[in-house]
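The structure appears below as structure tokens.
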Amino acid sequence: MSPVYFPVKCASITGEILINAVSYTVFLVLDFLDVVFCIIYRYLDEILEGKPSPCCCRKRGGLVESGEETEVSETLYERRNVFREMGFVGFPRKWEDCRKPSGIKNDVLVNRWSDCGCESCLSWMEDRDKLHVEVKLPPKAAMEQDCREGSSENVIFIHGFLSSSSFWTETVFPNLSEPVKQSYRLIAVDLLGFGRSPKPRQCLYTLSDHVEMIEKSVIDQLEVKSFHLVAHSMGCIIASALAAKYPKCVKSITLVAPPYFSKSKEGASLVALTKLARKMLWPPIPFGSAFMSWYEHLGRCVCLLICRNHRTWERILKLLTWRRDLHFMIRDFTRHTHHSAWHTMHNVICGGAKFMDDFLEILMNFGVKVFVIQGQLDLTVPLECSEEIKRKVPEAEVCIVSNADHRSVIMGREKEITEHLEHIWASVADVRTCLEDENGN
């Protein structure tokens, strides 16, 4: 053994042990603080609202796995916390108390005391039963011609976590080519609980809740008979569920940075939580994901500090940057409630993982074209997710973008991604035309 190699190896092992010890200590402290704030918020909610708000600090117990309840992610109640397991909290809430009927009607309160109640955050109150939808229509003459010939094209865009329809209307929409502008109807939604869409308290924000609201607000309201789907990150799971429900209507589905883990249904949700929110101190992005995914009450503290006071932070940022308008991603970051973000994170990103295999199988059986785009430097969604989709759907076309991460796979290369999407839509149209010609002959 080289005389230099041994001390270097020892130093490396020592450093790794030290990092693990520090990490364990930090997350142990966070475990303790989350339990403490569980008690604090219980009393504050009871004082300020008349009753404590339910949380997920106790195991589900005897909850029957049937109907909608199968979509409630086990990660909500199987997140390990040393102090809860020791019975540190003397009066943990039962899981049954945490359950609330799905839907967006009959909210007891418009918003919690810890949520923002400004006009922007409550804009959805004007229409509580529908999502906010941005629609870009072709010119009137072209639209009339499309309607007569039955050749109009629809594209539905679904954003990712802590985002809104602006993610697409500010990037792809301005870079569309003239032919697409003339013949495509582009539809971007604010998902339930985000942007200017409803943020009901009486909702668990399951996958079905999101899909049903898109059906009601887009498919039915706009009379969409066939469509392409484009989604980013978390939106890929919702898009896959929507496509699987309407496989005969979907012309193509493009998944940008899709969180997909090919595992057994029983363990897929926990695998997704571990992969996407691994408890690690560095780099900052994974640590932030772990912090907000594992600690319900500490996450609420962050929302109380940032989201409830977003107008103050925005004014400060405008003064510091000398800008009249902030970047849309900064505005979107706070357009949610802790309740909507927390449950969507677990019930869609983690809970939806156990359904993805079924969705992809349906798409394969119906011959729906699947396209995957991901950044090579993505630290939010592992690159293996796109590779797993390719294994699951051999016909899927996977594009790995060099020197791009989770956001910059679109942001900063808006023109390239728009051209890529237009090529996808055109290629699907060409294939369908060829098939129709062959059948006609």
Side-chain angles (χ1 to χ4, degrees), residues 1-40 55-57 59 73-89 92 161-162 233 257 259 261 263 267-306 333 338 341-342 345-346 349-350 353 374-388 402-408:
M1 180 180 292
S2 170
V4 177
Y5 174 76
F6 182 73
V8 170
K9 183 178 180 180
C10 289
S12 176
I13 295 174
T14 303
E16 185 176 349
I17 294 174
L18 181 61
I19 291 173
N20 289 336
V22 172
S23 178
Y24 176 81
T25 302
V26 169
F27 283 103
L28 187 66
V29 171
L30 294 178
D31 281 356
F32 175 75
L33 290 176
D34 198 57
V35 170
V36 170
F37 276 100
C38 174
I39 300 171
I40 292 174
C55 66
C56 307
C57 288
K59 290 190 175 182
S73 174
E74 54 265 43
T75 60
L76 279 169
Y77 53 87
E78 290 189 10
R79 294 167 292 109
R80 292 198 61 189
N81 184 302
V82 174
F83 296 95
R84 280 204 302 268
E85 293 173 1
M86 291 170 57
F88 182 82
V89 180
F161 192 60
L162 301 185
S233 193
F261 304 94
K263 298 290 181 182
S269 296
L270 292 173
V271 168
L273 178 64
T274 303
K275 293 279 189 178
L276 298 175
R278 180 185 172 191
K279 287 186 175 181
M280 54 192 301
L281 296 179
W282 193 263
I285 291 178
F287 173 72
S289 298
F291 185 94
M292 298 301 292
S293 300
W294 287 86
Y295 302 107
E296 178 179 6
H297 302 288
L298 293 181
R300 187 176 175 185
C301 289
V302 173
C303 290
L304 173 62
L305 175 64
I306 297 178
F333 185 73
H338 176 255
W342 172 258
M345 180 194 310
H346 283 277
I349 298 178
C350 297
Q374 188 171 7
Q376 183 184 28
L377 306 179
D378 197 330
L379 295 178
T380 303
V381 174
L383 203 59
E384 67 186 66
C385 293
S386 294
E387 298 168 354
E388 288 291 338
S402 60
N403 300 318
D405 57 24
H406 195 67
R407 293 289 184 182
S408 62

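Model, not experiment: these values are computed from the prediction. The figures here come from the full heavy-atom set of this structure, side chains too, leaving out hydrogens, waters and symmetry mates.
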Apply the test side chain to side chain contact (heavy atoms under 4.5 Å, CB included) to residues M345 and C350: give CA-CA distance (whole Å), side-chain angles for both, the deciding distance (0.1 Å), then the verdict.
CA-CA 7 Å; M345 180 194 310; C350 297; 5.7 Å; no
Take R407 and D405 through the side chain to side chain contact (heavy atoms under 4.5 Å, CB included) test and state the conclusion after the steps.
CA-CA 6 Å; R407 293 289 184 182; D405 57 24; 4.1 Å; yes
Between Q376 and S402, does the side chain to side chain donor-acceptor pair (under 3.5 Å) criterion hold? Intermediate values first, please.
CA-CA 5 Å; Q376 183 184 28; S402 60; 5.0 Å; no
Tell me, with the steps shown, if H346 and E74 meet side chain to side chain contact (heavy atoms under 4.5 Å, CB included).
CA-CA 8 Å; H346 283 277; E74 54 265 43; over 6 Å; no
Please report the C-alpha distance between C57 and H297 in whole Å, then the side-chain angles of each, then the deciding distance to 0.1 Å, and finally whether the side chain to side chain contact (heavy atoms under 4.5 Å, CB included) criterion is met.
CA-CA 10 Å; C57 288; H297 302 288; 3.1 Å; yes
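Counting all heavy atoms, side chain and backbone alike, W294 lies closest to A277 at NE1-O, 2.8 Å. Pairing each heavy atom of P283 with each of L379, the nearest pair is CG-CD1, 4.3 Å. Of all the heavy atoms in L276 and P259, the pair that sits closest is CD1-CB, 4.0 Å.
In this structure, the side chain to side chain donor-acceptor pair (under 3.5 Å) partners of S233, at least two apart in sequence or on a different chain, are H406. With sequence neighbours excluded, no residue satisfies side chain to side chain contact (heavy atoms under 4.5 Å, CB included) with T274. Taking the side chain to side chain contact (heavy atoms under 4.5 Å, CB included) definition, one finds that E388 meets it with Y260, S262, R391, sequence neighbours left out. Partners of F291 according to the ring-ring contact (aromatic ring centres under 6.0 Å, His included) rule, which considers only residues two or more places apart in sequence or in another chain, do not exist here. Residues forming a salt bridge (charged side-chain N to carboxylate O under 4.0 Å, His left out) with E384 (at least two apart in sequence, or on another chain): K275. Evaluation of the side chain to side chain contact (heavy atoms under 4.5 Å, CB included) rule for D31 yields N81, V82, F83, K279, Y295 as partners, not counting sequence neighbours. With sequence neighbours excluded, the residues satisfying side chain to side chain contact (heavy atoms under 4.5 Å, CB included) with L281 are V22, S23, V26, F27, F287.
No more than 12 heavy atoms of other residues, nucleotides or ligands sit less than 6.0 Å from atom CD1 of I285. Within a 6.0 Å sphere centred on CZ of F37, heavy atoms belonging to other residues, nucleotides or ligands number 12 at most.
Between L28 and T25 the shortest side-chain heavy-atom distance does not fall below 4.5 Å.
The backbone N or O of S289 lies less than 3.5 Å from a partner atom in the side chain of S293, making a donor-acceptor pair.
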